[in-house]
Structures are given as C-alpha cells and as structure tokens.
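Given the structure is predicted, the values throughout are model-derived calculations rather than measurements.
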Amino acid sequence: MPTLFDPAQAGDLHLANRIVMAPLTRNRAPGALPTALMATYYAQRASAGLLITEATAISPTAQGYADVPGLWSEEQVTAWKTVTDAVHAAGGRIVVQLWHVGRVSHVDLQPGGQAPVAPSALTARTKTVLIRDGLPTFVDTSAPRALDSAEIPGIVADYRRAAANALRAGFDGVEIHGANGYLPDQFLRSGSNQRTDAWGGSIENRARFLLEVTRAVVDEIGGGRTGIRLSPVTPANDAADADPQPLFEHVVRGLGPLGLAYVHVIEGSTGAARDFQQGPAPFDYTALRSAWRAAGGTGAWMVNNGLDRDLAQQALDGGADLVAFGRPFIANPDLVARLRAGGPFNTPDRKTFYGGGAAGYTDYPVRG
C-alpha cells in the first residue's frame, strides 16, 4: 500500500507526495487581488504534493465574502502569477479553486448592491463575512433571486473563462468548487433547488449545472488539469438533500468519462463530524468511488475532513489516492515534515483565521 509520502499522479499532475493542502479561505485579498503576502504563504507550504488555493471568485457576482481573491481580470491574472511563480520556485504544484457562492452572499458584496443569485429564491440560513471598522464581521446572508434560465449559460462561460485565466496565471490546474452549499451544490440539492424547469426537479436536471460547468472547464483546459470538490452530506451553508446517495452517484457517473485529474470528497460535515449523515441511510463513500471508477474515472480519489496521520493512512489503505488536510496547514507550513516525524504540531490561532496581515498567516515557526 502507498504511504502519505510516496509520489502520486493526478491526471497530468505529478505530485511528490500524497498530502494535499485543502482550500482555506483567509480573507487577505483586498479588492479581490492576491498579494505578495499570499505568495509567501503558499510558497511556505509548497512541500505538500499539491496546494489547492482558497476559493477564488469567477466573476464579481460570484463573490460572497469580503477580501477574497478573484480570477476574472487581467490585474488578477498578473497578481496570481506572483503566487504561482513563488510556489513553483519552491518546488510545489498549485491549482486554483474556482468559486461561485450563489446565495451565500450579501448585497454589500454584490455589484450595485443587487441581490445574490441562486437556483431558487430561498435565503440560506447561514452567515458570511464583511469587513466593518477594519474587522471581519459575520452577518446573515441576503435574500437571493432565482436565476432566469437564460442567465445560466453565461455563468457556465464565466467558469470557462476563469479556467483559461488560471493557466495564464501559471496554475497547474483548477478545482471546481462543487461543495459546501455554494452554487453548483445549490443546484444539486433538493433543499435549495425548487425549480420546475430543465434545471430542477429530477436528479438528472439538478445535476445538469454542475456537469455542464465541468464539461466547459474540461473543454477549455483539459480533464487532466481539472479537479472537482464534492460534499455529499455536509450541512454547511444550509445544504440539504432528502436522498444524497443516488444524487451523488449520478453526479460521479457523469464525471467519470471526463478524464478528471481528481475528485475531492469531503466525508461527513465540513470541519465537523466525519460520521454526520443526511438522508434515509448512512452515506456509502466506497460505493461513490466505485460508481466513478465504473463510469471511467481514472484520476485520483482525494478524501478530506478531520484526518490525522493514522486516519489518512487508513484512507490510503482503503483505496484513496490523496489525502487533504485543512486547518493543520494553517499553523504548520511544514506539515509534511511534521507528519513524517509524528509531530510536534503548532496550534492555530483562531482569532487570525479571517482577515488581518502576517500574524497568524505567515509567522508560524517551522521545525529546526
């Protein structure tokens, strides 16, 4: 069986080890522009087999949190190139997570103060982050409006354009954020999609948006540089579905023929219980992986959520190819070395997770 420290292949990406840095929103990109501090942050963590950036908005209307980066303008492409150059100089591989938050937004973050968009006009029972008096402040999300069907192809085109921008910015690939109650996940789930047109109702219709987005990105940059993140049962951002097993098995069967570099699966509740369940029966992640493989999925299978070294190795022994770590990477830029040595591990400062400067971001010590 492979260990965490053995090399791996994920589509076109050759990875030095099987440890992945999961996407972590840190709210340190004022004006949606990556900064030199972000270049330092990611380069510090380049010993991971793969870095997945913080979620990055594909358009101005895709934004839902203050001071998060974007990838729709030339200025953003240039700024991200500083980050990717730093990571590559440190020997790392990095992909950008493409993001449309849908209804998980606030009018203060939308162009012209307009309402956020969503599959259906249902307000998410969750919060987002604004900067008020210079400090990150959690506020309720705003009521969204339902997308007109004629608007949906334009959003698909935004994903395609952002993927093309990613390669111009020097990224090794992209990850489509299809998880955690954001727009693709909102279309998937019965709790947020009450449409009666071709984008709602049946499983096939609810999965249509995510699959069209993925095909568009693959057409633009190739399947071998495209990954996708899914979270079958997480309740994050008011995500809920009456029966997620057949829904997500349909999704991965649709993804199978696309030649993706990887599928990234959050097991359980994002950032919380790994055994959290929705639907009439416990979710079967082994069956999900089998459905993807049976449909032609040849890329890497990545697992995530609350894993330590022992659980990560168990996942590899059970058939996973890659293991993503989130919060441990915040406080341990040299997490790969610390996992290899069995510790010790720095403790993250939660007060500095969102917003701020170098403190709690680039100043954690590395092993001597």
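Residues Asp185 and His177 have side chains that never bring a donor and an acceptor to within less than 3.5 angstrom of each other. Donor-acceptor pairing under 3.5 Å is lacking for the side chains of Asp197 and Ser149. There is no side-chain donor-acceptor pair under 3.5 Å between Asp238 and Thr126. With no hydrogens or angles considered, a side-chain donor-acceptor pair links Asn237 and Tyr182 at under 3.5 Å. Side-chain contact check for Gln44 and Thr362: no donor-acceptor pair (N or O, by modelled atom type) lies under 3.5 Å. For the residue pair Thr78 / Glu75, no side-chain donor-acceptor distance below 3.5 Å is found, with atom types taken as modelled.
Proximity of a side-chain donor or acceptor of Asp85 to a complementary backbone N or O of Gly170 within less than 3.5 Å is not detected. Side chain of Thr352 to main chain of Asp349: a donor-acceptor pair is present (N/O by atom type, distance under 3.5 Å, no hydrogens or angles). For Glu267 (side chain) and Val233 (main-chain N/O), no donor-acceptor pair under 3.5 Å exists by modelled atom type. One N or O on the side chain of Arg103 and one on the backbone of Leu122 form a donor-acceptor pair closer than 3.5 Å. A distance-only check finds a donor-acceptor pair linking the side chain of Arg309 to the backbone of Leu339 [under 3.5 Å]. Side-chain N or O atoms of Asn27 include one that pairs as donor or acceptor with a backbone N or O of Ala66 at under 3.5 Å. The backbone N or O of Gly70 lies less than 3.5 Å from a partner atom in the side chain of Trp80, making a donor-acceptor pair. Arg18 places no side-chain N or O within 3.5 Å of a backbone atom of Ala8 that could act as its donor or acceptor partner. In this structure a side-chain-to-backbone donor-acceptor pair under 3.5 Å is missing from Thr270 to Asn180. Judged purely by atom type and a 3.5 angstrom limit, Ser231 has no side-chain atom pairing as donor or acceptor with the backbone of Thr234.
Ring centers of Tyr262 and Trp301: at least 6.0 Å apart, outside the cut-off. For an aromatic pair to be called close, the ring centres must be under 6.0 Å apart, and Trp99 with Tyr65 satisfies this.
Phe5 carries Arg340 over the face of its six-membered ring, with the cationic atom under 6.0 Å from the centre and within 45° of the normal.
What you find for Trp72 and Ala57 is that their closest heavy atoms are CE3-O, 3.6 Å. Annotation for Gly299 and Arg293: closest pair O-NH1, 2.7 Å, computed over non-hydrogen atoms. Closest approach of Tyr285 to Pro232, counting heavy atoms only: CE2-CG, 4.2 Å. Residues Ala146 and Pro119 approach most closely at CB-O, 3.7 Å, considering heavy atoms.
How far CD1 of Ile266 is from CG of Asn305: 7.0 Å, rounded to the nearest 0.5 Å. Interatomic distance, CG of Asn205 versus CZ of Arg195, reported as 10.0 Å (0.5 Å rounding). Expressed to the nearest 0.5 Å, how far OG1 of Thr53 lies from CZ of Phe171 amounts to 5.0 Å. Atom-to-atom distance recorded for His100:NE2 and Gln63:CD is 10.0 Å, nearest 0.5 angstrom. Between Leu258 atom CG and Thr226 atom OG1 the span is 9.0 Å, to the nearest 0.5 Å. A distance of 3.5 Å separates NZ in Lys127 from CG in Asp140, rounded to the nearest 0.5 Å.
Taking the side chain as every heavy atom from C-beta outward, Leu24 and Tyr41 approach each other to under 4.5 Å. Counting heavy atoms from C-beta on, the side chains of Val251 and Leu188 come closer than 4.5 Å. The shortest side-chain heavy-atom distance between Gln97 and Glu54 does not fall under the 4.5 Å cut-off. Counting heavy atoms from C-beta on, the side chains of Pro69 and Leu33 never come closer than 4.5 Å. Counting heavy atoms from C-beta on, the side chains of Ile155 and Leu183 come closer than 4.5 Å. Side-chain atoms of Gln313 and Thr3, non-hydrogen and from C-beta on, do get closer than 4.5 Å to each other. Within the 4.5 Å cutoff, side-chain heavy atoms of Leu230 are placed close to those of Leu210. In this structure the side chain of Ile19 reaches within 4.5 angstrom of the side chain of Phe329, judged on heavy atoms.
Listed by first and then second residue, the side chain to side chain donor-acceptor pair (under 3.5 Å) pairs that reach into residues 111-123 come to none, sequence neighbours excluded.
Salt bridge annotation for Arg225-Glu175: absent, with no cationic side-chain nitrogen under 4.0 angstrom from a carboxylate oxygen. For Arg208 and Glu212, the salt-bridge test passes: some basic side-chain N is under 4.0 Å from an acidic carboxylate O. Ion pair Asp334/Arg45 not flagged as a salt bridge, since none of the NZ, NE, NH1 or NH2 atoms sits closer than 4.0 Å to an Asp/Glu carboxylate oxygen. Electrostatic pairing of Arg215 and Glu220 does not count as a salt bridge here, judged by no charged N lying under 4.0 Å from a carboxylate O.
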Arg26/Asp67 under salt bridge (Lys or Arg N to Asp or Glu O under 4.0 Å): CA gap, chis, key distance, verdict | CA-CA 8 Å; Arg26 305 301 305 276; Asp67 291 355; over 6 Å; no

Check the pair Glu74, Arg168 against salt bridge (Lys or Arg N to Asp or Glu O under 4.0 Å), reporting the backbone distance first and the verdict last.
-> CA-CA 10 Å; Glu74 286 301 314; Arg168 293 196 299 115; 2.6 Å; yes

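Under the side chain to side chain contact (heavy atoms under 4.5 Å, CB included) criterion, Pro246 pairs with Ile203, Asp243, sequence neighbours left out.
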